[in-house]
Amino acid sequence: MAKRSINTLKLGTFVIAGLGFLVMLLYVIGKNQNVFGNTFMLKARFENVHGLMPGNSIRFGGIDAGSVKKIEVLNDTTIEVTLLVKSKMKNYIHKNATVNIITDGLIGNKLINIQPVKAKAPVVEEGDILYSTKALDTEEMLAVLNTTNNDIAVIAKELKQIVTRINESKVIWGILEDESLPASIRQSLYRVKTASASMATMM
């Protein structure tokens, strides 16, 4: 009976260890899709990574090119991102390529985008640091749009008040409804024309 209990305990321990290993393996594969592939390492430095996390994708020309391995804070203004890039992409990425952080869709996950530059340059090597450009922050865009909408609302309110005052003004409507106004304007224009002709004759 004791031997049977020991065997059951061993079996349970083996099953739990196997499940733990499987969960860990799935986690590693999920965070790093290139764990079983040939990769090389590149780096990029940013002032703000905008929520980028290890395991997020890397794209080159819209193609999946690897994943983010590590994010490390170097100082108060510099964050270094370590990139694991597929080896088959090495011949296409040059040292003058730029790196920026973009959003997958409007509100999707953050990812690294490697942008090629047309000027000639040698291909990258292991450990190269690529030049980074400032990311277009969706939150900043929404804040600007919100400010613009508020300004438009204020302008629309002021225009409404002006139109209301015009509609309620008896003086303006009295002038517009005066039937003698067109004749007076024509007469004034005729006098100006006559005076101009007389002045021209005198000159």
Side-chain angles (χ1 to χ4, degrees), residues 30-31 43-68 70-81 83 96-119 129-203:
K31 299 296 283 184
K43 293 183 178 181
R45 292 175 179 174
F46 302 89
E47 293 182 1
N48 190 331
V49 295
H50 302 285
L52 184 75
M53 296 186 298
N56 285 20
S57 298
I58 300 170
R59 289 183 184 173
F60 176 77
I63 301 172
D64 182 35
S67 63
V68 176
K70 184 174 64 173
I71 299 175
E72 183 179 3
V73 179
L74 298 183
N75 53 54
D76 59 343
T77 59
T78 307
I79 301 174
E80 185 175 82
V81 180
L83 313 175
N96 62 348
T98 60
V99 180
N100 63 346
I101 299 173
I102 62 175
T103 304
D104 189 10
L106 183 61
I107 54 175
N109 293 328
K110 299 292 183 179
L111 53 88
I112 292 287
N113 181 54
I114 302 176
Q115 186 69 31
V117 177
K118 292 184 178 180
I129 299 177
L130 298 180
Y131 176 76
S132 63
T133 57
K134 187 176 181 181
L136 185 60
D137 192 359
T138 306
E139 293 181 359
E140 291 181 1
M141 292 176 58
L142 293 176
V144 172
L145 288 175
N146 185 51
T147 302
T148 304
N149 288 336
N150 291 336
D151 293 341
I152 292 174
V154 172
I155 294 171
K157 183 178 180 180
E158 292 177 351
L159 287 175
K160 183 179 179 180
Q161 291 176 351
I162 293 171
V163 172
T164 302
R165 289 178 181 177
I166 292 174
N167 288 334
E168 294 175 352
S169 176
K170 296 180 179 180
V171 176
I172 294 177
W173 286 109
I175 294 173
L176 294 176
E177 293 175 355
D178 187 359
E179 296 180 356
S180 63
L181 184 62
S184 299
I185 293 174
R186 283 196 298 270
Q187 187 176 5
S188 298
L189 291 175
Y190 176 76
R191 288 175 180 174
V192 171
K193 183 178 179 182
T194 304
S196 298
S198 301
M199 187 175 293
T201 303
M202 290 175 63
M203 293 297 293

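For the numbers below, each heavy atom of this structure counts, side chains included, while hydrogens, waters and symmetry mates do not.
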N56 and I112: CA distance, side-chain angles, deciding distance, side chain to side chain contact (heavy atoms under 4.5 Å, CB included) verdict: CA-CA 8 Å; N56 285 20; I112 292 287; over 6 Å; no

side-chain contact (heavy atoms from CB on, under 4.5 Å) partners of E72, counting only residues at least two apart: K70, L74, E80

Is there a donor-acceptor contact under 3.5 Å from the side chain of T98 to the main chain of S132? no

With sequence neighbours left out, write down each residue that passes side-chain contact (heavy atoms from CB on, under 4.5 Å) with N75, or none if nothing qualifies. T77, T78

Considering all heavy atoms, the nearest A97-L130 contact: O-CB, 4.0 Å

Side-chain contact, heavy-atom cut-off 4.5 Å: I101 with L111? no

Contacts table for residues 151-159: side-chain donor-acceptor under 3.5 angstrom, sequence neighbours left out:
none

Nearest heavy atoms of F46 and N100, plus distance in Å: CE2-CA, 4.1 Å

From CD1 (I102) to CD (Q115), nearest 0.5 Å: 9.0 Å

Between I129 and R45, is a side chain to side chain contact (heavy atoms under 4.5 Å, CB included) present by the stated rule, with each step listed? CA-CA 8 Å; I129 299 177; R45 292 175 179 174; 3.6 Å; yes

Tell me the closest heavy-atom pair linking G55 and S67, and the distance in Å. O-CB, 4.1 Å

Evaluate I71 against I79 for side chain to side chain contact (heavy atoms under 4.5 Å, CB included), listing each step before the verdict. CA-CA 7 Å; I71 299 175; I79 301 174; 3.6 Å; yes

Give a yes or no on whether the backbone of T103 and the side-chain of N109 come within a donor-acceptor separation of less than 3.5 Å. no

